[in-house]
Amino acid sequence: MPKAEAIKYFTEKGDEYKLELIDGLEDGSISFYSQGNFTDLCRGPHLPDTSPIKAIKVMSVAGAYWRGDEKRKQLTRLYAITFPKQKELEEYLALLEEAKKRDHRKLGKELDLFTFSEKVGAGLPLWLPKGTALRERLVNFLKTAQEKAGYVQVATPHIGGKALYETSGHWEKYGKDSFQPIQTPQEGEMFMLKPMNCPHHCEIFASRPRSYKDLPLRLAEFGTVYRYEQSGELHGLTRVRGFTQDDAHLFCMPDQVKEEFKKVIDLVLLVFRALDFKEYEVQISLRDKEDRSKYIGSEENWEKAERAITEAVAEKGMKAVVEYGEAAFYGPKLDFMVKDALGRKWQLGTIQVDYNLPERFELEYVGADNQKHRPVMIHRAPFGSLERFTAVLIEHTAGRFPLWLAPEQAIILPISEKFNEQAKQAAELLKDRDIRTIIDERNEKIGRKIRDAEMAKTPFMLIIGEKEAGAGTLSVREHGQGDLGTMTAQQFQALVQERIQASFSGQ
RNA sequence: GCCUUUGUAGCUCAGAGGUAGAGCACUUCCUUGGUAAGGAAGAGGUCGCGGGUUCAAUUCCCGCCAAAGGCUCCA
């Protein structure tokens, strides 16, 4: 249809939205499609005809901003799904049901990992003992890996003077949308809850003169930060207002950037491999192509930073997608995206090259030439945040954590109360052998104890009855597998160690 | 923040203008049982919070808070 005719058609219909769309279309590329007596502007075709549509279900309704712009009006969007066969629709719905069972919010509650309290506040997770046990293991795992990679740990406070964020640019960029400054009895004195760790780390770098011999300086901190996320964005542990980043800032000389960046890629991949994350997308997050006002720093710095990332990725031989407009305001990023149970993508690991904050904080080191030089910063977090990482881990494993991470690795199940004493002795023995063990001392039958332990997804169940008490052995049952037979505590320990080692060597 | 929906016991949920109910969990007792739920009794709730309408509100209306699915945002 010619453009003029299309405009006439929608003017008569009084459809301002379609008129706006036509306005942006080339004359000659304007097509209409009809279905029955319904005719509308459509780029089409989606289907040759409607015959394959046999099963339809409306999934949800939601408001959606016109053309994705939150300053524009919101229209009602209907989400519906169709299949050629009713059975396929049912299968798809069953699949969704299965995915919901892996939902970390549901499993987090069932497995006693974390909780929320209205009194504490939305988006402020409370880690329960079992969740904390898991979290601490993740932390220790990464700390060990980082120590090997030449990182040093630092610790900084949860707040920082407002001036710190004026220097970094965070105040200007996010100040209004942040938790507001904290006042003190001292007139005019203000502190911010820290939304990032980098400014504090910059000050550590600046705390004394640095030599090129000190570089790269790798400052690591499991730093808890607070961001006032929009209320509608909060989502379980994946999007929260208080979270702990496995953060580090690497201060390097310009010619060290690429090499350091590649080493960080290796660290992220090590983490993903250890946790069996096989499906992830590597995303190069660059600036918005049109709107450059969102970013700080010179064109030259940005180009250098983007080049460092692109080249490092190419030299690593990694497949990556490029997304424009996804960069941080101070620099481009390499993001590792992983999907949750329902297929929603989340950013976990991130590595960022930053020429700008060192400039803003006037960071310097003395080079071999005895001249002052500006370092380059790499911001990086392999997990991203412990909260989000744990959430995705729960959904990937459906709560059946790798043995080395399981809050409880074994549960001792006495056949009857008569064997509780022997169970306690066995538990002590296993704890001495560094196996996290609990006992089910309840007055219940063995079938019941096994059922509950299976539901709690405890990796190993150790049954002690008359036979075992007499022989000094344990009957071992593996979660989801069944009876493995009897063995001594020593043999069981060997089994556990073997399993843990296997999970680290990629089976 | 915006749109739609939801909020009843620790959990999953039923209920109705006349001050609440089930299953599981919990406590006690009986049972001492060998690989996925033994039996009985008991206890447990300001029906998210604050207003309003009404003789009477947990139920109807308004506001707030929180949650779910989207949109927008994400240092």
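Values reported hereafter were calculated over all heavy atoms of this structure, with side chains retained and with hydrogens, waters and symmetry mates removed.
- With hydrogens and angles ignored, no donor-acceptor pair under 3.5 angstrom links the side chain of Arg227(A) to the base of C73(B).
- In this structure, G21(B) forms a base pair with C13(B), meeting either the Watson-Crick or the G-U wobble geometry with both donor-acceptor distances under 3.5 Å.
- In this structure, a donor-acceptor pair under 3.5 Å is present between the side chains of Glu359(A) and Asn301(A).
- Glu466(A) contributes no side-chain N or O that forms a donor-acceptor pair with the base of G33(B) under 3.5 Å.
- Within the nucleic acid shown, Lys467(A) comes within 4.0 Å of at least one base atom, counting heavy atoms only.
- Taking atom P in both U27(B) and G44(B), the straight-line distance is 15 Å, to the nearest Å.
- Between the side chain of Ser60(A) and the base of U5(B), no donor-acceptor pair of N or O atoms lies under 3.5 Å.
- Here Phe116(A) lies out of heavy-atom contact (under 4.0 Å) with every strand.
- Atom-to-atom, CD of Gln352(A) to P of C74(B) comes out at 13 Å; the value is rounded to the nearest Å.
- Among the heavy atoms of the strands, none lies under 4.0 Å from Gln481(A).
- In the interface, the side chain of Gln74(A) is paired with the base of C2(B) through a donor and an acceptor atom under 3.5 Å apart.
- Residue Ala64(A) is in sugar-phosphate contact alone, with no base atom involved, counting any heavy-atom pair closer than 4.0 Å across all strands shown.
- Atom CZ of Arg442(A) sits in a crowded spot, with more than 12 heavy atoms from other residues, nucleotides or ligands closer than 6.0 Å.
- Taking atom C1' in both G21(B) and G38(B), one finds a spacing of 26 Å when rounded to whole Å.
- Counting non-hydrogen atoms under 4.0 angstrom, His379(A) reaches nothing in the nucleic acid.
- C2(B) and A14(B) have their C1' atoms separated by 33 Å, with the value rounded to a whole Å.
- Base engagement by Glu444(A) is indicated by at least one non-hydrogen atom pair under 4.0 Å involving a base atom.
- Using a 4.0 Å heavy-atom cutoff across all strands shown, Arg344(A) reaches sugar-phosphate atoms only and no base atom.
- As judged by a 4.0 angstrom heavy-atom cut-off over every strand, Gly465(A) is placed among the base-contacting residues.
- Separation of the P atoms belonging to G48(B) and A57(B) is 15 Å when rounded to the nearest angstrom.
- Within the model, atoms CD of Gln493(A) and CE of Met487(A) stand 12.5 Å from one another, a figure rounded to the nearest 0.5 Å.
- When each of Gly123(A) and Glu417(A) is assigned the nucleotide of RNA chain B with its nearest heavy atom, Glu417(A) is the one assigned upstream, toward the 5' end.
- Under a 4.0 Å N-O distance rule, the pair Glu16(A)/Lys73(A) does not qualify as a salt bridge.
- At a cut-off of 3.5 angstrom, counting only N and O atoms as typed in the model, there is no donor on one side facing an acceptor on the other between the side-chain of Arg448(A) and the base of A37(B).
- Nucleotides U8(B) and A20(B) place their C1' atoms 8 Å apart, quoted to the nearest Å.
- Both cation-pi conditions hold for Arg241(A) and Tyr228(A): the charged atom is under 6.0 angstrom from the six-membered ring centre and inside a 45 degree cone around its axis.
- No N or O donor and acceptor, one from the side chain of Glu118(A) and one from the base of A66(B), sit under 3.5 Å apart.
- Dashed line: the shortest gap from a side-chain N or O of Arg442(A) to OP1 or OP2 of U27(B) is not under 4.0 Å.
- Distance check on atom P: A66(B) versus G50(B) gives 16 Å, rounded to whole Å.
- The base of C74(B) is paired with the side chain of Arg239(A) by a donor and an acceptor separated by under 3.5 Å.
- Between the P atom of C74(B) and the CG atom of Asp177(A) lies a distance of 10 Å, rounded to the nearest Å.
- For Asp440(A) and U35(B), the CG to P distance is 16 Å, given to the nearest whole Å.
- Residues Tyr330(A) and Gln352(A) have side chains that bring a donor and an acceptor to within less than 3.5 angstrom of each other.
- Among the atoms of the strands shown, base atoms are found under 4.0 Å from some heavy atom of Ser231(A).
- The gap from the C1' atom of C11(B) to that of A25(B) amounts to 7 Å, rounded to the nearest Å.
- Residue Ser475(A) is in base contact, counting any heavy-atom pair closer than 4.0 Å across all strands shown.
- Comparing Ile446(A) and Asp69(A) by the nucleotide of RNA chain B whose heavy atom lies nearest to each, the residue mapping closer to the 5' end is Ile446(A).
- Backbone-only engagement by Gly68(A) is indicated by non-hydrogen atom pairs under 4.0 Å involving sugar-phosphate atoms exclusively.
- Interface remark: the Tyr65(A) side chain does not form any donor-acceptor pair with the G70(B) base, using a distance-only criterion of under 3.5 Å.
- Under the 6.0 Å cut-off for aromatic ring centres, Phe492(A) and Phe460(A) qualify, their centroids lying closer than that.
- Base pairing analysis places C26(B) opposite G42(B); the two distances defining the Watson-Crick or G-U wobble pair are each below 3.5 Å.
- Distance check on atom C1': U19(B) versus G45(B) gives 12 Å, rounded to whole Å.
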